Asker: 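Here you go, one structure.
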Amino acid sequence: METTTTNNILHKTRNIGIIAHIDAGKTTVTERILYFSGKIHKKGEVHDGNTVTDYMPEERERGITIKSAATACEWDGFKINILDTPGHVDFTAEVERSLRVLDGAVGVFCAVAGVQAQSETVWRQANRYHVPRISFINKIDRIGGDMDKAVKSIREKLGSNPVPLQIPLGKEKDFRGVIDVVAGEAVYFDEKDEDAFTKGPIPPEFAEQYAKARELVIDAASQYDDAIMEKFMNGQEITSAEMRRGLRAAVLACKVTPVLVGTALKNKGVHQLLDAVTQYLPSPLDLPPVKGKIPGTDTDVERRPEPSGPLAALAFKTISDRNGDLTFIRVYSGELLNGSVVWNSRKNKPERINRLYKMHADKREAVEKLSAGDMGAAVGLKLTFTGDTLCDRDTPILMGAMSFPDPVISMSISPKTTADREKLGEALAQMVKEDPTFHRHTDEETGEVVISGMGELHLDIKVSVLQREQNVSVDVGRPKVAYRQTFDREVEVEGKHVKQTGGHGQFGIVKVRFELHPELTGGVEFESEVVGGRVPTEYVPAVEDGIKNFGKRGGRLKWPFVGIKAVLYDGKAHDVDSSEMAFISAAEIAFREAIAVVRVVLLEPMMKIEVECPEINVGDVIGDLNSRRAIVEEVSYSGINRLVNGKVPLAELFQYSTTLRSMTQGRGTYSSEPCEYTPVPNMIAEKIIAERAKYLEMK
C-alpha cells in the first residue's frame, strides 16, 4: 500500500524549468503560474520590481533574472517544482546546473522575435541533458506577433519538431482566445475576469486550419503509439485522450515539442499551459534511472526514483549566507533526513545534514526530509558544493559532474582601504564557491587580484554585489579580453635539463611533438608514446604536469595555450640524478623551445550577436558592426523591426550598448554569447601583444 501511495505521489510530481532568451517573458510566466495555482495572491510585475523569483536587489533594479530561483505550486492535484532560470548569456551556469537536475522544461519564446540567440543556447543545453520540453509562444498580442513564424523559427533554428496544440483566435491586439486542437473546441478569454474563460464550438472560418493542425497532432502522436497508428490507418476516429497519450510518449522521447500560445502579462493562456505541463511533461517515474559510477571504479550503477532505495542526491547550486551556506539538492533515490550523516562520494568524506528546507524563492519552509523526486536545500554543509553527490556510505554512487564554460573577460580589482582587504578575499572566495563561471586569481609576479567572468554585465554585477551586499569598497580596472594562444604548425623539440651541482645532479631529457588540435579548447592535452623505458614510467606524470602547467600559465604573455596536444615520444633518464623536478623543468624547457621555433598565433573570443533595431537604423547598425570587424551573416524581420545576426570579436563590443542606444535613439537592443575562438589579424595582434608586454613590464 505504501509503495502504491509513493508511486502516486511521484506520478503527480513535475520538476520543471522555465527557459528562454532574456525578455521573452520567463519570469512573468512563472509569476502567473504561481498566481493562478494559488501559491501567491498578488501578481508581481518585472517592470515594478516586485516579482517573487527575482528577489535580489540587482534583479529588481535591472529587470532581469540573475540567479535561478526555486519555487513550487500545485495544480489539479499535481505538485510542480519550478526553477526560473536567467535568460542572459552571462549567467549561463545558472541554466546549465538547473537543466542538469530537471525532468522537463517550458521554453518561452517571444511571438514577435521567435527564436533568439540565448534561446538557441539554452535549447542546446537541454538537448545535452535530454530534457523533454513544451513551448509557449508568449506576447502574441504584440504588434508583429505571429505564431506560425515563431513555430517556423523553432523548427529551423533549433532543429526541433514543434507541434502546435493551439491556434490563436485573432491577431495582435485582437487576440481573444485559442482553438484547442486536441480537445476540438474554442477557448475564449474573458477581458474583465482574468481567471475566467469560456469554451465553445470552433468558428466555421477556422475549420480548414483546425483540420490541418489536428492531422499534424495525430501524425505526431501515432509515431509513438501503435494503437493510434492502427486506428489512423483504419480510418477510425482518434479520441482526445488517445492523442494526449501518444503526444506524451513522443515528448518523453524528446522527439516532439508541443507548442502553446498566449500572453502571460495579460493572463491569457497560462491555465492551458499548466494543464500541458501536467499532461505532457514527465514525472520522475517516467525517466530512465539516474546513472553513476561506483567511486574509484568504472563500474556503472543505477538508482531508481524510490524513497525506500539507497540515497542518491546531487548538489547543484550553492548560495553563501551569513547563517550558513545554502546548498540546493535534487534527490533521485532514497531519503535525505534531518540529523543524518551521509557520504559525499566526490570528496570521499562524511557530511552531516542539519537543516533541510523546501524553497520558495528567498523564503524557506523547514522540512524533516527530502525524498526521491524532491528538490530542496540544506543549510550549513561543510564539504558539499556544486556537482557533489550525496549517498549512503555502504551503497556509494558518484554521478557525473557538470561542466561550465571558461570565462572570456577579466579585470583587476583592489580594495580601497586596509580594512577592505581582508573582507575582499573572503567575499571573492564566497562568490567563486557560488558561481562556477566566476574565477579569481592573484598574479604571481604583480600581486594583482584579477576576477574573470562571462561578460561585462557578469563582472559589473559581481562588483555591485561586493559593494552593496558585502560592504567592500573596491577599485576596478578596465575589462580585458581573455585571449588564448596556439601554434601555427606542428613541431618536434627537445627539452634538456642537465645540471651538476656537486652530489646529486639534475637530469631529465624529453623529446616532445606538439600537434595542432583546434577542437581542444580547454588547454594543452598530453599523451605519452614512450616505449622501452626511455623515460621511466614514474616520471611521465611529471612531464605532463610541466607541460600542462606551462601551457596554463601562458609563457611570456600569460595567456593560456589551447588547441595543442603535446606527445612525449622519447627522452632520457639517469639512474641517480633524475627526479620529478628535473623532468618538470625539462618539459617546460621543451615548451619554450617550441615557442621559439614556431609562430605563436593569438586567438580571440568571438561573440554571436543579434541586434534588433528599427528599419531606419539598420544601415547605421551594419556599418558600425563592420567597423568592429564583425561578420554580418543575416538580416531579417522581427515584426516592424529588423534583426541583424552575425559574429563580432568580444574586444570590439565594450560599451557597445551605449553606442547602439545613441545610434537608434534608445530603440535598439542586442544580445551576444561566446561562440568560438579565432585568430586575431596580424596587425591587430602585434598591437595587442605590444600593449600586453608593456602592461606586464609596468606591473
Side-chain angles (χ1 to χ4, degrees), residues 3 6-17 19 68 70 72 79-83 85 95-105 125-133 251-254 281-318 327-337 340 342-348 351 353 356 358 369-378 381 384-404:
T3 302
T6 299
N7 283 346
N8 189 50
I9 292 172
L10 285 171
H11 177 68
K12 291 207 163 188
T13 296
R14 300 288 183 270
N15 292 311
I16 69 166
I19 61 174
S68 58
K79 180 175 72 172
I80 304 175
N81 298 314
I82 304 170
L83 291 179
T85 65
V95 184
E96 182 79 20
R97 52 190 174 189
S98 295
L99 287 168
R100 173 68 173 79
V101 298
L102 290 171
D103 299 334
Q125 290 172 303
N127 285 341
R128 188 159 59 246
Y129 293 116
H130 306 289
V131 178
R133 278 145 280 173
V251 171
L252 297 186
C254 292
L281 291 182
S283 75
L285 294 173
D286 293 316
L287 298 174
V290 66
K291 298 181 184 296
K293 302 278 188 185
I294 294 177
T297 75
D298 286 328
T299 305
D300 294 323
V301 286
E302 294 182 345
R303 294 287 185 268
R304 298 185 180 279
E306 300 169 344
S308 59
L311 176 66
L314 184 70
F316 65 93
K317 178 178 175 177
T318 301
T327 304
F328 287 74
I329 297 169
R330 164 69 194 267
V331 181
Y332 289 95
S333 174
E335 292 182 332
L336 196 61
L337 304 174
S340 63
V342 299
W343 192 250
N344 184 320
S345 58
R346 189 169 300 281
K347 305 287 173 51
N348 204 31
E351 181 79 84
I353 306 299
L356 293 172
K358 291 287 186 69
K369 66 180 181 180
L370 296 173
S371 295
D374 283 342
M375 289 194 292
L381 300 187
T384 304
F385 304 112
T386 299
D388 287 352
T389 302
L390 297 177
C391 59
D392 296 326
R393 186 169 187 173
D394 295 335
T395 53
I397 181 173
L398 179 62
M399 289 184 270
M402 290 169 268
S403 60
F404 301 98

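As a basis for the values below, the full set of heavy atoms in this structure was taken, side chains included, without hydrogen atoms, waters or symmetry mates. As the structure is a prediction and not an experimental result, all values here were calculated from the model.
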Asker: Taking the side chain as every heavy atom from C-beta outward, state whether Pro284 and Asn15 have any pair of such atoms under 4.5 Å apart.
Answerer: yes

Asker: Shortest non-hydrogen contact from Ala126 to Ile19?
Answerer: CB-CD1, 4.5 Å

Asker: Starting at NZ of Lys347, measure out to OG1 of Thr384 and round the result to the nearest 0.5 Å.
Answerer: 6.0 Å

Asker: Measure the spacing between CE of Met402 and OH of Tyr129 and express it to the nearest 0.5 Å.
Answerer: 6.5 Å

Asker: Measuring only between side-chain heavy atoms, which start at C-beta, is Thr389 closer than 4.5 Å to Lys293?
Answerer: no

Asker: I want to check something: taking the side chain as every heavy atom from C-beta on, are Trp343 and Leu390 in contact at a cut-off of under 4.5 Å?
Answerer: no

Asker: Are there over 12 heavy-atom neighbours, none belonging to Lys369, within less than 6.0 Å of that residue's NZ?
Answerer: no

Asker: Take Leu10 and Ser283 through the side chain to side chain contact (heavy atoms under 4.5 Å, CB included) test and state the conclusion after the steps.
Answerer: CA-CA 6 Å; Leu10 285 171; Ser283 75; 5.7 Å; no

Asker: Can you find a pair of side-chain heavy atoms, one from Pro132 and one from Val251, that are under 4.5 Å apart?
Answerer: yes

Asker: First locate atom SG of Cys391, then atom CZ of Arg346, and finally report the distance between them rounded to the nearest 0.5 Å.
Answerer: 11.0 Å

Asker: Indicate whether any N or O donor in one side chain lies under 3.5 Å from an N or O acceptor in the other, for Asn348 and Arg393.
Answerer: no

Asker: Examine Arg330 relative to Phe328 and say whether NZ or CZ is less than 6.0 Å from the centre of the six-membered ring and inside a 45° cone about the ring axis.
Answerer: no

Asker: Does Thr85 use its side chain to pair, donor to acceptor, with the backbone of Val95 at less than 3.5 Å?
Answerer: no

Asker: In Å and rounded to the nearest 0.5 Å, what is the CD1 to CG distance from Ile16 to Leu281?
Answerer: 6.5 Å

Asker: Nearest 0.5 Å please: distance from the CD atom of Gln125 over to the CZ atom of Arg100.
Answerer: 13.5 Å

Asker: Does the side chain of Asp300 reach to within under 4.5 Å of the side chain of Lys291, using non-hydrogen atoms?
Answerer: no

Asker: Which atom pair, heavy atoms only, marks the closest approach of Ile397 to Leu311?
Answerer: CG2-O, 4.3 Å

Asker: Could you walk me through whether Ser371 and Glu335 pass the side-chain hydrogen bond (donor to acceptor under 3.5 Å, both in side chains) check?
Answerer: CA-CA 4 Å; Ser371 295; Glu335 292 182 332; 3.3 Å; yes

Asker: Take His130 and Leu287 through the side chain to side chain contact (heavy atoms under 4.5 Å, CB included) test and state the conclusion after the steps.
Answerer: CA-CA 10 Å; His130 306 289; Leu287 298 174; over 6 Å; no

Asker: I'd like to know whether Ile329 forms a side chain to side chain contact (heavy atoms under 4.5 Å, CB included) with Val331, so could you lay out the CA-CA distance, the side-chain angles of the two residues, the decisive distance to 0.1 Å, and finally the verdict.
Answerer: CA-CA 6 Å; Ile329 297 169; Val331 181; 4.2 Å; yes

Asker: Counting C-beta onward and ignoring hydrogens, is there a side-chain heavy-atom pair between Leu83 and Met375 closer than 4.5 Å?
Answerer: yes

Asker: Which heavy atom of Pro282 sits nearest to which heavy atom of Leu252, and what is that distance?
Answerer: CB-CD2, 3.2 Å

Asker: Is any side-chain heavy atom of Thr395 closer than 4.5 Å to a side-chain heavy atom of Arg303?
Answerer: yes

Asker: Flag the pair Arg14 and Asp103 as a salt bridge only when some basic side-chain nitrogen lies within less than 4.0 angstrom of an acidic carboxylate oxygen.
Answerer: no

Asker: Passes side chain to side chain contact (heavy atoms under 4.5 Å, CB included), Phe316 versus Thr327? Steps please.
Answerer: CA-CA 8 Å; Phe316 65 93; Thr327 304; over 6 Å; no

Asker: How would you list, by chain and number, every residue that makes a salt bridge (charged side-chain N to carboxylate O under 4.0 Å, His left out) with Arg128, sequence neighbours excluded?
Answerer: Glu96

Asker: Over all heavy atoms of both residues, which pair between Tyr332 and Val101 is shortest? Give the atoms and the distance, please.
Answerer: OH-CA, 3.4 Å

Asker: To the nearest 0.5 Å, how far apart are OG in Ser340 and CD in Glu351?
Answerer: 10.0 Å

Asker: Can you spot which of Asp374, Leu336, Leu337 makes a side chain to side chain contact (heavy atoms under 4.5 Å, CB included) with Leu356?
Answerer: Leu336

